[in-house]
2 protein chains.
Amino acid sequence: MSGRQGPRGRPQGWQAIRDDVLARIRAREWPPGAPIPHEADLAEAYGAARATVNRALRALAEAGWLDRRRKAGTRVALNPVRRATFDIPVIRLEVEGRGMTHAHRLLARCERPATAAEAERLALPAGATVLALETLHLADDRPWAWECRIVWPKAAPGVREADLTAISVNEWLVRNAPFSHGSIAFSAVAAGHEAAGRLGCAPGAALFAIDRTTWAGPDPITEVRLLFAPGHVLSSTI
Amino acid sequence: MSGRQGPRGRPQGWQAIRDDVLARIRAREWPPGAPIPHEADLAEAYGAARATVNRALRALAEAGWLDRRRKAGTRVALNPVRRATFDIPVIRLEVEGRGMTHAHRLLARCERPATAAEAERLALPAGATVLALETLHLADDRPWAWECRIVWPKAAPGVREADLTAISVNEWLVRNAPFSHGSIAFSAVAAGHEAAGRLGCAPGAALFAIDRTTWAGPDPITEVRLLFAPGHVLSSTI
DNA sequence: GAGTGGTCTAGACCACGGG
DNA sequence: CCGTGGTCTAGACCACTCG
């Protein structure tokens, strides 16, 4: 996403228009809530085609700076909602990306009927059998994250036969069971006795938690809770 | 981002192409790492202009499904990195969006020289004076989040004169000091005695923390730590 | 060097939704 | 109703980068 650049690294084309419009918003030339000129007018002003202006304004709208509506026109967003985006990599790559060595241990693996609560959350048929897995991820031989997961084998064909000691479930699913959508939630929880034992920390320690559920169309693939060892930080730029 | 829809809600145009390509990726017709046909070929196959195919493929590349490089062509991404995006709204709107009433209390406000650590993190000139603020956000009269912040008035002109009891610093800055970039980090921390007192929880309770620093070009605007009352969950869809 | 994606243009049609 | 943004087309030039 570098974009065309001029002699001194200054963007050209639609990116130049985007930057100029953004500069005017920042300079309060077009204050929050105010309408900005129509695409056609801007196109003439910039000496560009309307499609080029459209490209620039669309980028600003996607970034939250503009509100665009047919007929109503384009306005500077009242509450410049900023979005933070996080990549969700395979845990192994996340660990390796921090310069550490990753390993994992499959602590438990069993097939059992889904509990009533699980069946409801995942819209599973009554009495469905799920694969329950517990994995400990290590970074440089120290506990990194404790992963508790259930998988619906119907939506992840082959998972029963996979050697999940060689490749972590996490990675197997990423490669073999692409999902269409899902939900993710971040929170802070106190370590229970079991988590404390797995992660080698004191009971009650503050742990960063990620809960994630993924679907392939109407079928649930997996539901997982990740508890990270104390001190874990998830960061990004905005 | 609704898109043109056909008779039964099926996307048309570039979105139809995007969905079809995505379906083929999911169906392993084009497995991870494999090249997909050139834009020109796809345009002919779909009976569309190349620009339309380009729009579809660009959307898939932005979403992480495809890797595109000039000359090398377009390939299915090897590690389908998924991104989670979170909106960062004004706290008041976040609270109200959950159906509660928001209020805030300015607990402390003082101007003081930046500490050495702050000056280094924020690249402030030696001896710079910052505005230090402490705010408690309430939802339905119960503690919601405790906000500790420093602001560099030079980058937020007018903040000294603002009545921060009427409008929270958070909101004032969003409206009056747009930032160009910044960093954000999520973590879990144990409540100290002060935080426990502010948030009305037990010392040592697991709290969800957000640390954020924002800049206007080369100038730092503000650095803030938000500690949320126990049980806070940040969720999103992917 | 040459192939591929990135972008621009000029013109056109159309869906949406404010008034 | 009808203005505005959303999208499509056909053709063109160009930047990047692989071989």
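In what follows, every chain begins at residue 1, and chains take the letters A, B, ... in the order their sequences are listed.
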Original post:
In whole angstrom, what separates A:Arg18's CZ from C:dC8's P?
Top reply: 11 Å
Subject >> Euclidean distance, atom CG of residue B:Leu66 to atom P of C:dG6 [Å, nearest integer] >> reply: 11 Å
**OP:** For A:Arg58 and C:dC8, give me the distance from atom CZ to atom C1', rounded to whole Å.
**Re:** 14 Å
**OP:** Keeping the roles fixed (side chain from A:Asp67, backbone from A:Arg75), state whether a donor-acceptor pair exists under 3.5 Å.
**Re:** no
Original post:
Distance check: side-chain N/O of A:Arg68 vs OP1/OP2 of D:dG6, anything under 4.0 Å?
Top reply: yes
**OP:** Using atom CG of B:Asp67 as one end and atom P of C:dT4 as the other, report the distance to the nearest whole Å.
**Re:** 17 Å
Original post:
Which nucleotide in the list D:dG6, C:dG5, C:dG1 gets nearest to the side chain of A:Arg70?
Top reply: D:dG6
**OP:** Side chain of B:Trp14 only, please: which of D:dC8, D:dG3, C:dT4 is the nearest?
**Re:** D:dC8
**OP:** Check DNA chain C against residues 46-57 of chain A and give the residues with a non-hydrogen atom under 4.0 Å, in numerical order.
**Re:** A:Gly47, A:Ala48, A:Ala49, A:Arg50, A:Ala51, A:Thr52, A:Arg55
**OP:** Look at A:Thr74 and D:dT4 and indicate whether a side-chain polar atom (N or O) is within less than 4.0 Å of OP1 or OP2.
**Re:** no
**OP:** Check the distance between D:dT4's P and A:Asp41's CG and give it to me in whole angstrom.
**Re:** 8 Å
Original post:
Is there a side-chain polar atom (N or O) of B:Arg69 under 4.0 Å from OP1 or OP2 of C:dT4?
Top reply: no
**OP:** Using the salt bridge (charged side-chain N to carboxylate O under 4.0 Å, His left out) rule, take B:Glu171 and B:Arg92 through it: C-alpha gap first, then chi angles, then the decisive distance, then the call.
**Re:** CA-CA 8 Å; B:Glu171 203 158 348; B:Arg92 176 175 65 80; 2.6 Å; yes
Subject >> Test of ring centre spacing under 6.0 Å for B:His102 and B:Trp144 >> reply: no
Original post:
For A:Gln15 and C:dT7, is the shortest distance between a side-chain N/O and OP1 or OP2 below 4.0 Å?
Top reply: yes
Original post:
Given atom CD of B:Gln12 and atom C1' of C:dC13, what is their separation to the nearest angstrom?
Top reply: 13 Å
**OP:** Output yes when a side-chain donor or acceptor of A:His137 lies under 3.5 Å from a complementary backbone atom of A:Ser168, and no otherwise.
**Re:** no
Original post:
When rounded to the nearest 0.5 angstrom, what distance separates CD in B:Glu223 from CG in B:Leu124?
Top reply: 9.0 Å
Subject >> Atom-to-atom span, CD of B:Glu39 to P of D:dG11 - whole angstrom >> reply: 16 Å
**OP:** Check the pair A:Glu39, A:Arg58 against salt bridge (charged side-chain N to carboxylate O under 4.0 Å, His left out), reporting the backbone distance first and the verdict last.
**Re:** CA-CA 11 Å; A:Glu39 286 190 350; A:Arg58 197 188 340 127; over 6 Å; no
Subject >> Comparing B:Ala40 and A:Ala72 on DNA chain C - which has the more 5′ nearest nucleotide >> reply: B:Ala40
Original post:
To the nearest angstrom, how far is A:Lys71 atom NZ from C:dC14 atom C1'?
Top reply: 15 Å
**OP:** Please step through side chain to side chain contact (heavy atoms under 4.5 Å, CB included) for the pair B:Thr135 and B:Asn170, ending with a clear verdict.
**Re:** CA-CA 9 Å; B:Thr135 307; B:Asn170 180 313; over 6 Å; no
